[in-house]
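Chain letters run A, B, ... following the sequence lines, proteins first, then strands; residues in each count from 1. When reading the values below, keep in mind they use all heavy atoms of this one structure, side chains included, and skip hydrogens, waters and symmetry mates.
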Amino acid sequence: MRLIKYSEAINEGICEAMNSDKSIICFGLGTTDPKAIFSTTVGLEEKFGSERVFDMPTSENAMTGIAIGASMNGIKAIMTHQRLDFFLLAMDQLVNNAAKAHYMFGGALSIPITIRLIIGRGWGQGPTHSQNLQAWFAHIPGLKVVMPSTPSDAKSLLISSIFDPNPVVFLEHRWLHNSLGDVKKGLIKKKIGECNVLKNGKDITIICMSYLTIEAIKASNYLEVKGISCEVIDLSSIKPIDWDSIFYSVKKTGRILACDTGFTTCSVAGEIIARVSIELFDKLKAKPLRLAMPDVPEPTSFGLTKGFYIGAGDIARKCLAIFDHKTDNESDILPEPVPHDIPGDWFKGPF
Amino acid sequence: MRLIKYSEAINEGICEAMNSDKSIICFGLGTTDPKAIFSTTVGLEEKFGSERVFDMPTSENAMTGIAIGASMNGIKAIMTHQRLDFFLLAMDQLVNNAAKAHYMFGGALSIPITIRLIIGRGWGQGPTHSQNLQAWFAHIPGLKVVMPSTPSDAKSLLISSIFDPNPVVFLEHRWLHNSLGDVKKGLIKKKIGECNVLKNGKDITIICMSYLTIEAIKASNYLEVKGISCEVIDLSSIKPIDWDSIFYSVKKTGRILACDTGFTTCSVAGEIIARVSIELFDKLKAKPLRLAMPDVPEPTSFGLTKGFYIGAGDIARKCLAIFDHKTDNESDILPEPVPHDIPGDWFKGPF
Amino acid sequence: MEESIDKKKLLKTMMRIRAVEEKIAKEYSQQKMRCPTHLSIGQEAVPSAISFCINKNDFAVSTHRGHAHYLAKGGDLKAMIAEIYGKETGCSKGKGGSMHLIDTNVGFMGTSAIVGNSIPVGVGLALSCKLKKSDQISVVYLGDGAVEEGVFYESLNFAILKNLRVLFVCENNLYSVYSSLDVRQPKHRKIVSIAKGIGAKAEQCDGNNIEECLKVCTYAISTMRKEGGPFFIEFATYRHREHCGPNFDNDIGYRTLKEFETWKLKDPISNYQNRLLKEGSCSKKDFQYFAKEIDDEIEEAFEFAENSNFPLKSEAFKGVYS
Amino acid sequence: MEESIDKKKLLKTMMRIRAVEEKIAKEYSQQKMRCPTHLSIGQEAVPSAISFCINKNDFAVSTHRGHAHYLAKGGDLKAMIAEIYGKETGCSKGKGGSMHLIDTNVGFMGTSAIVGNSIPVGVGLALSCKLKKSDQISVVYLGDGAVEEGVFYESLNFAILKNLRVLFVCENNLYSVYSSLDVRQPKHRKIVSIAKGIGAKAEQCDGNNIEECLKVCTYAISTMRKEGGPFFIEFATYRHREHCGPNFDNDIGYRTLKEFETWKLKDPISNYQNRLLKEGSCSKKDFQYFAKEIDDEIEEAFEFAENSNFPLKSEAFKGVYS
Ligand SMILES: Cc1ncc(C[n+]2csc(CCOP(=O)(O)OP(=O)(O)O)c2C)c(N)n1
Ligand SMILES: Cc1ncc(C[n+]2csc(CCOP(=O)(O)OP(=O)(O)O)c2C)c(N)n1
Ligand SMILES: [Mg+2]
Ligand SMILES: [Mg+2]
């Protein structure tokens with residue numbers, strides 16, 4: 001066992017990759033500043049030099065195109081944005097260019113770029129610093145999308161993303177940066193497109209991603225006590241998604257709850273419900289369930305975010321309801337932590 | 001009956017609105033050029049002057065922000081882009097600004113802008129001139145999204161969009177521009193969020209939008225002959241969507257096929273399947289069905305687009321299969337028109 | 001000019017902004033203002049000068065670092081503090097926080113947490129004025145980082161094209177977060193020269209000298225009012241505290257203590273106080289009196305904020321559509 | 001210089017591009033080239049000149065109007081025509097069409113159907129060269145409309161910042177689709193002055209005079225090779241035919257016949273032919289000989305395209321991922 005933080009795992013992943021391949025570069029606003037993007041890029045410039053590791057102008061769109069152009073000549077770029085929301089400026093380059101270049105030039109090119117986007121919630125991040133738009137990226141043919149929930153996946157999936165010949169959108173949740181996990185040394189990889197079955201169960205399949213995996217595990221522990229056996233699937237990759245494992249699990253349990261950190265309408269969770277309903281209609285023992293963020297921008301106020309986020313309690317309640325469990329006091333079930341808007345004591349705001 | 005073209009209906013809608021309200025402006029690349037955005041803006045500059053109707057620089061992102069800013073001071077802007085794909089440059093302004101301003105400023109502002117985006121398919125438009133990204137817009141709280149399929153809806157929904165106090169994304173399909181329909185004179189409005197039940201039926205609900213409505217109607221006529229009675233729902237509004245009518249219909253028919261002009265994964269059709277499966281699980285007599293464009297960029301070649309688009313035949317085959325209809329020769333069913341890549345003889349390419 | 005300006009009022013405007021920010025800094029560690037907050041301490045001269053050149057019905061938009069701009073435009077202090085506290089009495093009803101301030105009553109049309117995002121909005125406001133044949137102007141505050149966004153360039157191009165009255169106020173404080181200009185913009189290329197290249201009238205100005213700021217702004221605005229069209233001003237300025245949050249951060253190594261101290265010496269407020277003392281237009285007593293008046297107002301605002309209620313949880317789900 | 005350049009080859013390069021475009025125009029109405037197609041007739045001098053100044057291993061990227069740039073860089077003619085016909089032998093296997101041409105064998109790294117979209121790509125290619133310590137340069141073709149996109153400005157800023165060898169070739173043909181410069185850019189503001197304001201070395205050049213083009217390009221490229229850093233050149237040019245498609249469009253009213261005729265008189269090819277005749281470096285026979293050679297090659301290319309197969313339908317679903 002070697003416990004390290006998620007943020008350290010990211011850093012290690014970049015280091016290992018850059019060590020093993022001189023064609024990898026790493027840039028983004030703040031990459032070389034003292035905060036080093038929540039410590040994930042710390043020490044990289046010292047190790048690999050300022051040609052390969054650099055800060056950049058606030059020019060998200062051009063910088064994406066520049067990564068694309070460099071990748072056409074054998075460079076593998078890792079670009080980071082401190083919030084996904086900033087990357088909305090670069091949708092033209094991402095969608096009209098990176099995602100399609102391999103296809104529309106008949107295979108003449110590959111675009112091996114990795115775009116790290118930090119997503120989050122809470123502590124007053126508000127409407128434009130908290131968007132979880134994985135559904136957007138999943139909608140676009142040609143993009144791969146990953147959302148690791150453990151330090152080990154963070155490292156291994158990041159390495160796989162960097163070496164993947166396609167553009168990969170790598171979504172890391174701010175609330176996971178300090179979580180600890182066992183992480184192997186070296187250049188470890190994990191196949192993009194394979195989920196983690198974190199827990200075997202027989203009554204219901206709970207599908208989750210990124211930070212919600214933490215909440216799903218908590219809920220499943222609680223439900224176990226109540227006699228409901230949950231199979232917990234951490235998606236880990238969003239596109240390609242591991243349909244085989246999902247279908248296999250739902251065939252077994254006959255029930256599904258799909259959770260999502262993003263808005264509800266046209267969400268990844270919705271896609272999962274749709275596909276499962278189409279493919280496994282006859283196997284479902286109960287209506288499928290979804291728990292995604294409401295179709296509402298995230299408000300800033302501490303008061304307004306109370307009860308706003310999806311937590312273990314919400315997951316547990318959804319599952320209990322489908323089994324017609326009566327509970328005396330609903331709000332007693334895995335209550336929201338206090339304060340509800342931070343991931344843990346380590347978080348000292350503002351960023 | 002007064003038959004006019006879809007493109008004329010758009011033009012009339014703008015005229016009527018601008019006539020009735022001096023605060024409306026209309027701009028976009030080509031608005032005042034001789035082609036007048038597929039004739040939809042013809043004559044507007046003459047009628048309303050060059051202060052209110054103007055061409056613009058190729059600066060999609062800034063122009064969106066400019067529309068937003070003007071709207072904060074009582075101007076209602078109609079902005080048009082000749083392809084949806086160009087508008088990807090403006091996602092920051094649309095999503096981080098227009099969609100959220102009303103909410104994140106606590107209601108202090110409204111953003112009454114209408115963004116006309118032309119979508120399409122065929123005739124070598126290729127990967128970056130053919131995207132139907134309604135699912136993206138539907139995913140974002142604060143946006144309204146409409147996709148009229150008839151000239152009458154085009155006019156009335158456009159007028160409603162212009163006068164709606166929220167940002168509305170108005171998607172018009174190039175293949176509909178020349179379609180004829182009965183359109184009332186005057187300042188007619190249609191409520192955003194109400195679908196059209198185009199055909200009553202009892203066996204299956206076919207949900208469609210925009211150009212696919214034409215194909216769905218063809219398919220339903222064919223299916224009728226085969227003894228399958230289809231209820232055809234033209235969504236018309238994508239967000240808000242008319243859940244009441246959809247649920248009402250599916251409760252009746254017990255079967256659903258959701259069609260979509262966009263990519264499959266995380267599509268609007270997927271959202272409909274998900275919601276229907278969740279809400280009407282017990283009412284479904286057969287697995288729900290979806291027919292959306294594949295998760296593939298649209299290729300350019302005439303050869304490659306053969307059989308690529310969703311047509312009446314595909315819709316019919318999907319429906320027949322769910323009723324276990326055996327058909328002697330599948331490909332005989334409503335064959336793809338020849339040539340398959342144009343909407344009709346009126347289309348003379350290239351634009 | 002010398003004669004006509006109200007020097008005391010100028011000073012007081014700056015002092016008030018400073019005091020509000022200092023108070024936020026002081027209380028911030030209590031963890032009651034739970035949102036990213038970017039203070040303008042050190043950068044008070046520019047908005048203060050501008051507040052003397054524009055009218056209440058002129059427009060302004062700003063950035064993540066918007067407190068000073070909001071206050072200088074006449075924004076409601078209580079509503080701002082309450083907003084930072086996330087209260088229902090906040091100017092954005094708690095939905096926006098420090099980065100989303102608005103007061104439409106005084107033409108302050110919002111700040112944005114996305115760099116460059118409010119620039120075209122300011123241009124759109126100016127377009128609306130032209131359409132309405134009003135002679136209002138629109139002030140766009142932006143940082144040295146924001147000029148790196150393509151939208152800045154697109155917006156300025158359009159403002160010139162349509163001859164719109166937009167005052168672009170670029171507060172060049174040398175940093176974007178902790179990234180210095182070196183890693184973002186070509187050496188020896190001045191920001192003002194970009195604006196000129198695009199075709200705008202443009203000037204540079206010492207952003208620590210409020211009287212110079214006032215002069216340059218007055219000139220720019222009178223030019224705009226006369227001839228129409230935008231004007232771009234690059235102000236040299238410096239933030240004293242960390243990029244985001246209440247503390248000093250000279251220890252973390254992105255800038256030298258020497259640099260900090262050099263700029264600290266140029267502090268717009270203490271310098272102006274010294275100058276007014278020297279020329280006899282103000283006494284130390286005046287300063288104390290101002291400070292007291294300001295403190296009372298601030299005290300009241302913080303009390304107001306603290307005593308206000310959080311919005312109801314259910315409000316989170318309302319107001320998505322108008 | 002006069003002595004050293006191969007004038008015949010220069011002329012022939014232009015004539016070949018023109019002849020290809022004329023042939024496309026001639027065949028287009030057959031409706032076999034079913035994709036938006038933007039011809040460069042009238043704009044041949046610029047890419048022809050550049051083809052004389054750069055090496056095969058230098059890079060180039062271009063726009064929707066990319067045929068001439070592809071050919072000048074040495075792109076395979078047959079593969080281009082086949083691509084426009086949508087055939088499996090096309091340079092993009094039929095997936096891209098006229099607006100998505102590529103030939104990586106000669107460093108032609110693609111065209112884009114989105115205005116401005118390929119500009120940062122060209123800068124990224126130059127960055128890769130710097131990282132690999134190669135002295136290759138990267139040519140970015142763009143139109144006068146593309147400079148209105150913020151990404152142009154962002155890309156140029158970065159190229160200067162990192163001292164990248166990017167040659168920005170702006171073909172100013174006065175129009176973006178049917179919109180004249182008047183409605184898009186400030187009067188009297190030159191595009192070249194934007195580039196200078198951003199901090200680039202920049203020149204203007206008559207894009208109809210191939211020898212002047214050659215001179216300016218040679219200077220720009222030798223400067224870049226010596227000093228590093230980008231260079232921006234604005235070329236005055238004019239397209240003879242409609243924006244998209246094979247026809248003339250002087251009848252539709254966005255430009256005057258007079259304007260068209262004035263520019264037609266500056267036609268780069270006939271003028272150069274006259275000049276070479278006059279100075280005796282070429283005879284009419286030479287022209288005929290060139291034309292014949294070119295026509296044969298083109299005939300063969302069109303035959304190749306016509307005789308090639310469409311890709312299998314199933315290919316549409318392949319190659320989304322690498
Ligand atoms: C589009 C975008 N990119 C990055 C950020 C992160 N960010 C927040 S504040 C800031 C600094 C911008 O610098 P400047 O414009 O000089 O303003 P200053 O903070 O110095 O006042 C940055 C980069 C953002 N908010 N938006
Ligand atoms: C982002 C974007 N906006 C608009 C268009 C529509 N469009 C296609 S070609 C073109 C003209 C651009 O003008 P310019 O850059 O001068 O090139 P030219 O056609 O004159 O060669 C435009 C606006 C587009 N393709 N992409
Ligand atoms: Mg700054
Ligand atoms: Mg042009």
Side-chain angles (χ1 to χ4, degrees), chain A residues 60-61 85-97 99-101 103-104 126-128 131 133-142 239 241 258 262-282 284 286-290 294-297 299-300, chain B residues 60-61 85-97 99-101 103-104 126-128 131 133-142 239 241 258 262-282 284 286-290 294-297 299-300:
Chain A
E60 287 81 1
N61 197 30
D85 314 69
F86 309 159
F87 190 53
L88 290 182
L89 284 154
M91 288 306 100
D92 174 50
Q93 286 298 328
L94 183 76
V95 173
N96 284 330
N97 201 351
K100 297 183 175 55
Y103 183 88
M104 77 187 170
T128 59
Q131 290 170 93
L133 299 179
Q134 53 271 21
W136 269 33
F137 304 126
H139 189 54
I140 303 299
K239 190 151 189 187
I241 195 167
F263 302 123
T264 300
T265 298
C266 295
S267 54
V268 171
E271 177 63 22
I272 292 168
I273 297 298
R275 277 294 298 268
V276 163
S277 301
I278 294 168
E279 308 285 341
L280 302 179
F281 182 68
D282 297 329
L284 284 176
K287 66 173 184 176
L289 302 171
R290 172 167 63 175
D295 286 330
V296 169
T300 302
Chain B
E60 288 82 359
N61 197 31
D85 314 69
F86 309 159
F87 190 52
L88 289 182
L89 284 154
M91 288 305 101
D92 174 51
Q93 286 298 328
L94 182 77
V95 174
N96 284 330
N97 200 352
K100 298 184 175 55
Y103 183 87
M104 77 187 170
T128 60
Q131 289 169 93
L133 298 178
Q134 53 271 21
W136 268 34
F137 304 127
H139 189 54
I140 302 299
K239 192 152 186 184
I241 195 167
F263 302 123
T264 300
T265 297
C266 295
S267 55
V268 171
E271 178 63 22
I272 292 168
I273 298 297
R275 276 293 299 268
V276 163
S277 300
I278 293 168
E279 308 285 341
L280 302 180
F281 182 69
D282 298 328
L284 285 176
K287 67 173 184 176
L289 302 171
R290 171 167 64 173
D295 287 328
V296 169
T300 302

[X], part contacting chain A, at a heavy-atom distance under 4.5 Å:
X: Leu280(B); answer: neither
X: Phe263(B); answer: both
X: Ala286(B); answer: backbone
X: Asn61(B); answer: side chain
X: Glu60(B); answer: neither

Do you know which of [options] has the most heavy-atom pairs with chain A at a distance under 4.5 angstrom?
options: Glu279(B), Gln93(B), Gln131(B), Arg275(B); result: Gln131(B)
options: Gly270(B), Pro299(B), Ala269(B); result: Pro299(B)
options: Ile273(B), Asp295(B), Ile278(B); result: Ile278(B)

Shortest non-hydrogen contact between Thr265(A) and Ala138(B), atoms and distance: CG2-O, 3.6 Å

Heavy-atom pair of closest approach, residues Pro127(B) and Lys100(A): O-CE, 3.2 Å

Indicate yes or no: at least one non-hydrogen side-chain atom of [X] is less than 4.5 angstrom from one of [Y].
X: Ser277(B); Y: Phe281(A); result: no
X: Phe86(B); Y: Asn96(A); result: no
X: Val95(B); Y: Asp85(A); result: no

At what distance, to the nearest 0.5 angstrom, does [atom1] of [X] lie from [atom2] of [Y]?
X: Gln134(A); Y: His139(B); atom1: CD; atom2: NE2; answer: 6.5 Å
X: Leu88(B); Y: Asn97(A); atom1: CG; atom2: CG; answer: 11.5 Å
X: Ile272(A); Y: Cys266(B); atom1: CD1; atom2: SG; answer: 8.5 Å

Parallel, tilted or perpendicular: ring planes of Trp136(B) versus Trp136(A), cut at 30 and 60 degrees: parallel

For chain B, the option from Pro297(A), Ala99(A), Ala90(A), Ala274(A) that forms the most heavy-atom pairs under 4.5 Å: Pro297(A)

Heavy-atom contact with chain B under 4.5 Å, split by part of Leu284(A): both

With sequence neighbours excluded, residues passing side-chain hydrogen bond (donor to acceptor under 3.5 Å, both in side chains) with Ser267(B): Arg290(B)

Set of residues satisfying side-chain hydrogen bond (donor to acceptor under 3.5 Å, both in side chains) with respect to Thr128(A), sequence neighbours excluded: none

